[in-house]
Amino acid sequence: MRQQRFVKDRQYVKFCLYGFLKNLRFFEPFLVLFFLEKGLSYVEIGMLYAVREVSTNLLEIPTGFLSDALGRRRTMMVSFLFYIISFLTFYAFSSFWLFTSAMIFYAVGEAFRTGTHKAMIFDYLKNHGWSDQKVSYYGHTRSWSQMGSAVSSLLAAGIVFYAGDFRSVFLAAVLPYLLDFLLIASYPKSLDGPVQQLQKKKLSSQFRALLQTSLAAFKNRQIWLIANSLSLHSGYFKAIKDYLQPILQTFALSLPFFLFFEEQKRSALVIGIVYFFIYLSTTFASRKSGRIAAYFANLQSPLNLTMIIGLGAGLCSGLASHFQLSGLAIAVFVFIYINENARKPIGVGHFADHVEEEILTVALSAQSQLSTMWGAIIAVGMGLLVDQLGVGLGLASVSFLLLLFSFIVQLNDDRALD
């Protein structure tokens, strides 16, 4: 597979800046710890994650239609408004039920955003004759998302350290999302997609036409397998990634450093530093995803391999945590982050290659919907197992069961599926 090159023009910079600002989610390194501090059990935390995933699931197809029917830029801008409402709700309140409403607001934002921005990128590549560079281009722009997460981790640690509480990170997250709102408004109108200024009386017929085309695409066994391969690992990653936080907290409190600080501040320093290096690693992984794909004759092979690597790393990390080898558990857990960020651009590019361009936004939203379904199931199961078995054995059990199941969605050569 020959490496291609693209022009890093102004819109490329905007795509990268979008991802950087979007990932300034200062609450992410501390979300599970925030919920535990508020008195929630792991089952309740799993339920909140499931509410987020299921709500996103229910909304993604309708919002995907709206994106194609009403314009992608406006859809994206609305998503950031819902995110901001969610952040303010988390900051202001402390009850499980109000956290549930905040998760629903967050899910609305996710549903409006997911798939839409990827479709804008792929449209831009098509318009400039760079469609054959999907993996490399998307990997480059996604690497800036990971850089945003790296910077966010250090800033979040500083916020928690000086504010003395976890909730302040939600208020701080409002600013970058306001900036992203303005950035999306500056995107060229050509990225709104082919269907614009649709009359209301034609909207339902447009929805039916898009739905029929999308369902027809997913009847193709090849597309269905690709979607499941991409979604299973992404759903697993979303459901378990924050369980690194209690492992890091245990590790931080065991260190003979910063003993003159209170426990929360010690945890914040260590967690912020570790997450910074994790996201530096994932930045590199995303940027090199095109080069990784180039080592293989087809894209099915790296997708199958990275599925096993990710789930296997979760199993090993869980066992290491159970046996109180926190340093080893953290080191292995890092592979899950790196693996997902090397894998996702390859999977998204492979998926886009097999879907008709006129339904790409809806198809990508449908694939993300499948990912959220997996995420919801895994999140609840993880919460139940962690409450019963502890973080280590809970993570190991979930990873082992999914590792067995993953062989069902292994990808074969395209020609064998035609």
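Numbers here simply count residues along the sequence, with the first being 1.
Judged purely by atom type and a 3.5 angstrom limit, N341 has no side-chain atom pairing as donor or acceptor with the backbone of S143. Under a 3.5 Å cut-off, the side chain of S321 and the backbone N or O of G318 do not form any donor-acceptor pair. T141 places no side-chain N or O within 3.5 Å of a backbone atom of C16 that could act as its donor or acceptor partner.
Y18 is listed as a side-chain neighbour of I184, based on a closest heavy-atom distance under 4.5 Å. With a 4.5 Å cut-off on side-chain heavy atoms, L244 and I278 count as touching. Between L303 and R343, some side-chain heavy-atom pair lies under the 4.5 Å cut-off. Side chains of F80 and M76 form a contact here, defined as non-hydrogen atoms less than 4.5 Å apart. Between K241 and I336, every side-chain heavy-atom pair lies at or beyond the 4.5 Å cut-off. Annotation: side chain of P188 is in contact with side chain of Q11 (closest heavy-atom distance under 4.5 Å). The shortest distance between side-chain heavy atoms of L183 and D180 falls below 4.5 Å.
Judged by the 6.0 Å and 45° rule, R52 forms a cation-pi pair with Y49.
Looking at R113 and S79, their side chains never bring a donor and an acceptor atom within 3.5 Å of each other. For the residue pair Y279 and N23, no side-chain donor N or O sits within less than 3.5 Å of a side-chain acceptor on the partner.
A perpendicular orientation is assigned to the rings of F34 and F90, their planes being inclined by more than 60° (bins at 30° and 60°). Ring-plane geometry between F87 and Y83 is classed as parallel, the angle between the planes falling under 30 degrees on a 0 to 90 degree scale with a further cut at 60. Note on ring orientation: taking the six-membered ring where Trp is involved, the planes of F82 and F112 are parallel (angle under 30°, cut-offs 30° and 60°).
S168 and I159 make their closest contact through CB-CG2, 3.9 Å (heavy atoms, listed as atom of the first residue, atom of the second, distance). Residues P176 and L21 share a closest heavy-atom pair of CB-O, 3.8 Å. Among all heavy-atom pairs drawn from Q249 and S267, the shortest one is CG-OG, 3.4 Å. When every heavy atom of P302 is checked against every heavy atom of T306, the shortest pair comes out as O-OG1, 2.7 Å. In plain terms, the two heavy atoms of Q245 and L33 that are nearest each other are OE1-N, 3.5 Å. Scanning all heavy atoms of the two residues, the minimum distance from F26 to A172 falls at CE1-O, 3.4 Å.
Distance check: S149 OG to L154 CG gives 11.5 Å after rounding to the nearest 0.5 Å. Between atom OG of residue S186 and atom CZ of residue R73 there is a gap of 9.0 Å, rounded to the nearest 0.5 Å. Taking CG from L401 and CG from L385, the interatomic distance works out to 8.0 Å, rounded to the nearest 0.5 Å. Once rounded to the nearest 0.5 Å, the distance linking CZ of F405 with CE of M307 reads 9.0 Å. Once rounded to the nearest 0.5 Å, the distance linking CG of D242 with CD1 of I45 reads 9.5 Å. Between the OG atom of S86 and the CZ atom of F170 there is a distance of 7.5 Å, given to the nearest 0.5 Å.
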Let me check something: any side-chain donor-acceptor pairs from residues 326-334 under 3.5 Å, sequence neighbours excluded? List them with distances.
none

Under 3.5 Å, which donor-acceptor pairs do the side chains of residues 231-238 form with other protein atoms, sequence neighbours left out?
{"unit_1": "S231", "atom_1": "OG", "unit_2": "A227", "atom_2": "O", "d": "2.6"}
{"unit_1": "S231", "atom_1": "OG", "unit_2": "Q367", "atom_2": "O", "d": "3.1"}
{"unit_1": "S231", "atom_1": "OG", "unit_2": "Q367", "atom_2": "NE2", "d": "3.0"}
{"unit_1": "H233", "atom_1": "ND1", "unit_2": "E340", "atom_2": "OE1", "d": "2.8"}
{"unit_1": "H233", "atom_1": "NE2", "unit_2": "N339", "atom_2": "ND2", "d": "3.1"}
{"unit_1": "S234", "atom_1": "OG", "unit_2": "L230", "atom_2": "O", "d": "3.1"}
{"unit_1": "S234", "atom_1": "OG", "unit_2": "E340", "atom_2": "OE2", "d": "2.9"}
{"unit_1": "Y236", "atom_1": "OH", "unit_2": "S399", "atom_2": "OG", "d": "2.7"}
{"unit_1": "K238", "atom_1": "NZ", "unit_2": "E53", "atom_2": "OE1", "d": "3.4"}

> Does the pair T89 and Y106 meet the rule for a side-chain contact (heavy atoms from CB on, under 4.5 Å), with working shown?
Replying inline: CA-CA 10 Å; T89 304; Y106 188 92; over 6 Å; no
>> Using side-chain contact (heavy atoms from CB on, under 4.5 Å), reason through Y243 and Y42 one step at a time and then give a plain yes or no.
In response: CA-CA 10 Å; Y243 283 88; Y42 280 109; 3.6 Å; yes
> Going through the distances and angles, do S317 and L395 end up as a side-chain contact (heavy atoms from CB on, under 4.5 Å)?
Replying inline: CA-CA 8 Å; S317 180; L395 175 60; 4.1 Å; yes
>> Show, in sequence, the C-alpha distance, side-chain angles and deciding distance for E44 and L48, and conclude whether the side-chain contact (heavy atoms from CB on, under 4.5 Å) test is met.
In response: CA-CA 6 Å; E44 289 174 319; L48 286 176; 5.8 Å; no
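Aromatic pair Y124/Y12: ring centres not closer than 6.0 Å.
Only one option out of F166, Y275, F35 pairs with F30 in a ring pair (Phe, Tyr, Trp, His ring centres under 6.0 Å); it is F166. Just one of M77, R72, H117 meets the side chain to side chain contact (heavy atoms under 4.5 Å, CB included) condition when paired with Y187; it is H117.
Environment of CZ in F96: crowded, with over 12 heavy atoms of neighbouring residues, nucleotides or ligands closer than 6.0 Å. The neighbour count for Q324 CD, taken as heavy atoms of other residues, nucleotides or ligands under 6.0 Å away, does not exceed 12.
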